[in-house]
Amino acid sequence: MTAARLLTEHTLRREVVDVARSLHERGWVANHDGNVTAKAAPGRIVATSTALSKRLVDSINLIVVDERGRVVGGRHRPFGELAMHLAVYAARDDVRAVVHAHPPHATALATTGGSLECFLPEAVVSLGANVPLVPLAPPGPKAVDALAPFLEAHDVVLLESHGVLAWGPDPETAFLRLELVEHLARIRALALPEGGPRRLSRELIAELLVARTRAGLGPEARRATKP
Ligand SMILES: [Zn+2]
């Protein structure tokens, strides 16, 4: 529920580094997994580079790409999942950051082909009624096509047999959305031996979605503030 903040490129670079290292510290990535981008200005999207542990992300190995994915700053190469990040920016002019990782509980759910119904009231306000599952597709244009239908209504998705992709007005907010999805998936896993979390009633979800819009979150709130 963070209000949009205007961040300088210098500050954004620091947030991208912080978020990337946090992904590693939390155990949400292995090997070279995971990536973070933040849009500083038109034609300037700060990004983590490919083939690098998120533990080692630093300001000196960040790159800058434009909206077509061409490197316009830095000495390293872009990561293979960049097309999905660029699709988010193209579809949502309110988005300034995208975070991707493979957090174990949420990714486990994504490997079963299940989506995540939000079963805690606070999560409905923060994320909406559910976190959808984007069907599995090969990297590149087909992954972008699979993601496209979910961009307008959601701020975080499960990627089937893959992981989680979250976006928001700044890197911290996108990270918090990913964190909340992993937290919900973990609680869900803990509740499964007892029959799984109970579903919230439709009436309560409707009330919570009104609260979500009132908090300035979600597609209804965005439509209301569009000029
Ligand atoms: Zn991935």
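All values reported here derive from a predicted model rather than from experimental measurement. Sequence positions, counted from 1, serve as the residue numbers for this chain. Side-chain atoms are counted along with the backbone in the values below, which use heavy atoms only and exclude waters and symmetry mates.
W167 pairs by the ring pair (Phe, Tyr, Trp, His ring centres under 6.0 Å) definition with nothing, not counting sequence neighbours.
A side-chain donor-acceptor contact under 3.5 Å links R212 to the backbone of V125. Listed for the R68 side chain is no donor-acceptor partner under 3.5 Å among the backbone atoms of V65. In this structure, T37 contributes its side chain and V46 its backbone to no donor-acceptor pair below 3.5 Å. Panel note: side chain K54, backbone H32; a donor-acceptor pair is recorded below 3.5 Å. In terms of modelled atom types and a separation under 3.5 Å, the side chain of R13 and the main chain of S59 share a donor-acceptor contact. Checking side-chain atoms of N61 against main-chain N and O of L56 turns up a donor-acceptor pair under 3.5 Å. Remark: the backbone N or O of E172 is paired with a side-chain donor or acceptor of D170 at under 3.5 angstrom. Checking side-chain atoms of D66 against main-chain N and O of G69 turns up a donor-acceptor pair under 3.5 Å.
Side-chain contact between P78 and I63 is present, with at least one heavy-atom pair separated by less than 4.5 Å. Looking at P171 and L12, their side chains come closer than 4.5 Å, going by heavy atoms from C-beta outward. Using a 4.5 Å cut-off on side-chain heavy atoms (C-beta onward), V144 and L147 make no contact. Here the side chains of V57 and L52 are in contact, with some heavy-atom distance below 4.5 Å. Contact annotation: the side chain of V64 never approaches that of V71 to less than 4.5 Å [non-hydrogen atoms, C-beta and beyond]. A 4.5 Å side-chain heavy-atom check between R177 and S126 finds every atom pair outside the cut-off. A 4.5 Å side-chain heavy-atom check between V99 and W28 finds every atom pair outside the cut-off. For the pair F79 and S49, the minimum side-chain heavy-atom distance is 4.5 Å or more.
Taking CG of L127 as the start and CG of L208 as the end, the distance is 12.0 Å to the nearest 0.5 Å. Between L209 atom CG and R214 atom CZ the span is 11.5 Å, to the nearest 0.5 Å. One distance of note links CG of L120 with CG of L200; it measures 7.5 Å at 0.5 Å rounding. The distance from the CG atom of L23 to the CG atom of D33 is 10.0 Å, given to the nearest 0.5 Å. Taken to the nearest 0.5 Å, the CG atom of L109 stands 11.0 Å off from the NE2 atom of H105. Considering CZ of R44 and CD of E9, their distance stands at 4.0 Å, rounded to 0.5 Å.
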Salt bridge (charged side-chain N to carboxylate O under 4.0 Å, His left out) between R55 and E25, worked out:
CA-CA 7 Å; R55 176 175 59 90; E25 282 161 17; over 6 Å; no
Verdict with supporting geometry, L184 and R188, side chain to side chain contact (heavy atoms under 4.5 Å, CB included)
CA-CA 6 Å; L184 287 170; R188 180 185 171 279; over 6 Å; no
In sequence, state the C-alpha distance, the side-chain angles, and the governing distance for E220 and V210, and then conclude on side chain to side chain contact (heavy atoms under 4.5 Å, CB included).
CA-CA 9 Å; E220 302 296 332; V210 170; over 6 Å; no
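For R26 and E179, the salt-bridge test passes: some basic side-chain N is under 4.0 Å from an acidic carboxylate O.
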Cut-off 3.5 Å, no hydrogens considered: what does the side-chain donor-acceptor table look like for residues 149-163, sequence neighbours left out?
unit_1: E152; atom_1: OE2; unit_2: R222; atom_2: NH2; d: 3.3
unit_1: D155; atom_1: OD1; unit_2: R92; atom_2: NH1; d: 3.4
unit_1: D155; atom_1: OD1; unit_2: R92; atom_2: NH2; d: 2.8
unit_1: E160; atom_1: OE1; unit_2: L136; atom_2: N; d: 3.0
unit_1: H162; atom_1: NE2; unit_2: E81; atom_2: OE2; d: 2.8
unit_1: H162; atom_1: NE2; unit_2: H100; atom_2: NE2; d: 3.1
unit_1: H162; atom_1: NE2; unit_2: H102; atom_2: NE2; d: 3.3

